[in-house]
Student: 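The structure under discussion is supplied below as structure tokens; questions concerning it will follow.
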Amino acid sequence: MEHINFLAFAMPAFFLFLFLEYKVAQRKKRPEIFNYESSVSNISIGIAERLINLFIAASFYQLYYLIYDNYRIFDIPSTVFVWFALILATDFVWYWYHRLGHEVNFFWAAHIVHHHSEEFNFTAAARITTFQAVVRTGFWCVLPLVGFHPSMVITMLIVHGAYSFFTHTQVIGRIKWLEYVLVTPSVHGVHHASDEKYLDKNYGDMFTFWDRLFGTFQAEEEKPKYGLTHPLKSYSFLWQHFHYYFEIYELWKRSVGYGAKWKAVFGSPAHMDQDIRPTLEKRFLQDKANPHQRLRFKNYLYIQLGISTLFLTVFTYYFDYLNVVDKIFVLLIILITLVNCGALLEQRKWIYYLEYGRIFIFTTYFLYQENLISFFFVPLAIMIFAEQLFSLSTRYQNVVLQLEPSE
């Protein structure tokens, strides 16, 4: 039992709570809470973050221990009072990490993905990238540096993350008296809003008194409009992760002088040239002939997300027992599948290349396991022959890329 990786149960638990939220939304007759394309995009990003963090989370913990063992300032004991102090310290560090994540371009590039979603539900809580995990880990290194034991810090971060998950929902109404102390779904919903009066508000993750103390608290008044002030015109898995880094680079190229280039990277997102994103979208994204259409063949997406979730759950459970080849195989299969899901939502005609890529990875892995890797070219030759003989790419596109009017 001691070898069970309990993180394996995170994804099944996520889908359980998501199902319950969906049912409550149906019962309350609020179908607008969920959007098919946005939910698929949110879940894909959440799967990717969980997957990649399996490879690097251990290094986060090792960093905490390295700092604690060699550089801690105080020796802080594990007492009830200290645990309470750690809760406050964790949320205080989060407040400043979160605030700087909105006020500094370089940090915003990692955090903006969390704010892409124009829906506010449990799927939006999954929109966390590994880039964001790396940045916030840098901030949380303050805790072991002060003298909190890494085991305490790791435990508190798990509690902190679990609490914040439940603040991403609309099925719970305002609880005004609780807002004086704790972050509620209403309080955090304001943070996710693009309305001018709600911008740059409510950075706290568990407690509201940091926002009240530093003048960034805003209670919900009018119903928020969720998402970015300039919405992203793409559900592409890759574009959502990297678009703002491209925007920073474009601004850096346009800037003249060291000071201006420094501001391009570490200045405020509010000063980003607003013509950059549309320019990049025209350069890298395909134009939609009819923006009021959506994918008809949705079951194929559901199957891919389901398989990815199953792979991730089993992979996490047995992660410590797998060799390097097994890990690379699962990593590539899941990442290609997630890119495929984004390409389907975008109706990208090149997605069949990803299908061939997955088949080739599967066959190569199988041949490796059977000590037949020297025959890797055989399935490759078969795929090329089948494509030339049967025009599989055209048949695939005609079936999978069927469209229907959006609701």
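None of the values given here were measured: they were computed from a predicted structure. Numbers here are sequence positions counted from 1.
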Student: Walk me through whether H149 and Y65 qualify under ring pair (Phe, Tyr, Trp, His ring centres under 6.0 Å).
Tutor: CA-CA 8 Å; H149 193 276; Y65 276 99; 5.8 Å; yes
Student: With sequence neighbours excluded, what pairs up with W140 under the side chain to side chain donor-acceptor pair (under 3.5 Å) test?
Tutor: none
Student: Do E103 and R99 pass the salt bridge (charged side-chain N to carboxylate O under 4.0 Å, His left out) test, and can you show the C-alpha distance, the side-chain angles, and the key distance before you say yes or no?
Tutor: CA-CA 6 Å; E103 295 179 349; R99 182 167 177 171; 3.0 Å; yes
Student: Can you list the steps and then say if E281 with R283 is a salt bridge (charged side-chain N to carboxylate O under 4.0 Å, His left out)?
Tutor: CA-CA 5 Å; E281 287 174 341; R283 185 185 307 170; over 6 Å; no
Student: Measure up the F131 and H241 rings against each other and bin them: parallel (under 30°), tilted (30 to 60°), perpendicular (over 60°).
Tutor: perpendicular
Student: Is it true that E21 and K23 have a side-chain N and a carboxylate O under 4.0 angstrom from each other?
Tutor: no
Student: If you take all heavy atoms of N105 and P269, which pair is closest and at what distance?
Tutor: OD1-CA, 3.2 Å
Student: Measure the shortest side-chain to side-chain distance between L228 and S194 over non-hydrogen atoms and say whether it is less than 4.5 angstrom.
Tutor: no
Student: Does any non-hydrogen side-chain atom of L280 lie less than 4.5 Å from one of H243?
Tutor: no
Student: Return the minimal non-hydrogen interatomic distance between R72 and D75, and the atom names on each side.
Tutor: NE-OD1, 2.5 Å
Student: Give me the atom names and distance for the closest heavy-atom approach of Y68 to P150.
Tutor: CG-CD, 3.5 Å
Student: Is any side-chain N of the basic residue among D275 and R254 closer than 4.0 Å to the acidic one's carboxylate O?
Tutor: yes
Student: Please tell me if the side chains of Y235 and V40 come closer than 4.5 Å, counting only heavy atoms from C-beta onward.
Tutor: no
Student: If we check side-chain contact (heavy atoms from CB on, under 4.5 Å) with F329, which of these qualifies: L322, I361, V324?
Tutor: I361
Student: Can Q304 and R358 be counted as having a side-chain donor-acceptor contact under 3.5 angstrom?
Tutor: yes
Student: Does the side chain of F9 come within less than 4.5 Å of Y317's, by heavy atoms?
Tutor: yes
Student: Consider only side-chain N and O atoms of R50 and T316, and report whether a donor and an acceptor are under 3.5 Å apart.
Tutor: no
Student: Take T279 and E250 through the side-chain hydrogen bond (donor to acceptor under 3.5 Å, both in side chains) test and state the conclusion after the steps.
Tutor: CA-CA 10 Å; T279 300; E250 184 68 22; over 6 Å; no
Student: Are R136 and F139 in a cation-pi setup, meaning NZ or CZ lies under 6.0 angstrom from the ring centre and within 45 degrees of the ring axis?
Tutor: no
Student: So Y356 and Y352, would you call those rings parallel, tilted or perpendicular, with 30° and 60° as cut-offs?
Tutor: perpendicular
Student: Between D326 and Y321, is there a side-chain donor-acceptor contact under 3.5 Å, judged purely by atom types and distance?
Tutor: no
Student: For residues N42 and E119, is any side-chain donor paired with an opposing acceptor at under 3.5 Å?
Tutor: yes
Student: Any chance the side chains of D205 and H160 put a donor and an acceptor closer than 3.5 Å?
Tutor: yes
Student: Classify the side-chain pair E220/S186 by whether it contains a donor and acceptor separated by less than 3.5 Å.
Tutor: yes
Student: Between V183 and T208, is any pair of side-chain heavy atoms under 4.5 Å apart?
Tutor: yes
Student: State which residue, out of H114, H192, H111, fulfils the ring pair (Phe, Tyr, Trp, His ring centres under 6.0 Å) condition with H102.
Tutor: H111
Student: Please report the closest heavy-atom contact between A25 and V171, naming both atoms and the distance.
Tutor: N-CG1, 4.1 Å
Student: I want to check something: taking the side chain as every heavy atom from C-beta on, are I87 and D91 in contact at a cut-off of under 4.5 Å?
Tutor: no
Student: Going by the rule ring pair (Phe, Tyr, Trp, His ring centres under 6.0 Å), which residues pair with F148 if we only count those two or more places apart in sequence or in a different chain?
Tutor: none
Student: Taking the six-membered ring of F315 (Phe, Tyr or Trp), confirm whether the NZ or CZ of K327 is under 6.0 Å from its centre and within 45° of its axis.
Tutor: no
Student: Kindly indicate, with the supporting measurements, whether the criterion ring pair (Phe, Tyr, Trp, His ring centres under 6.0 Å) is fulfilled by F17 and F166.
Tutor: CA-CA 9 Å; F17 286 114; F166 291 102; 5.0 Å; yes
Student: Using a strict threshold of under 4.0 Å (side-chain N to carboxylate O), is an ion pair present between K197 and E222?
Tutor: yes
Student: Can you list the residues that meet the ring pair (Phe, Tyr, Trp, His ring centres under 6.0 Å) rule with F376, with sequence neighbours excluded?
Tutor: none
Student: Any Lys/Arg nitrogen of K176 or E179 sitting under 4.0 Å from an Asp/Glu carboxylate oxygen of the other?
Tutor: no
Student: Flag the pair Q132 / Y97 as yes when at least one side-chain heavy-atom distance between them is below 4.5 Å, and no otherwise.
Tutor: yes
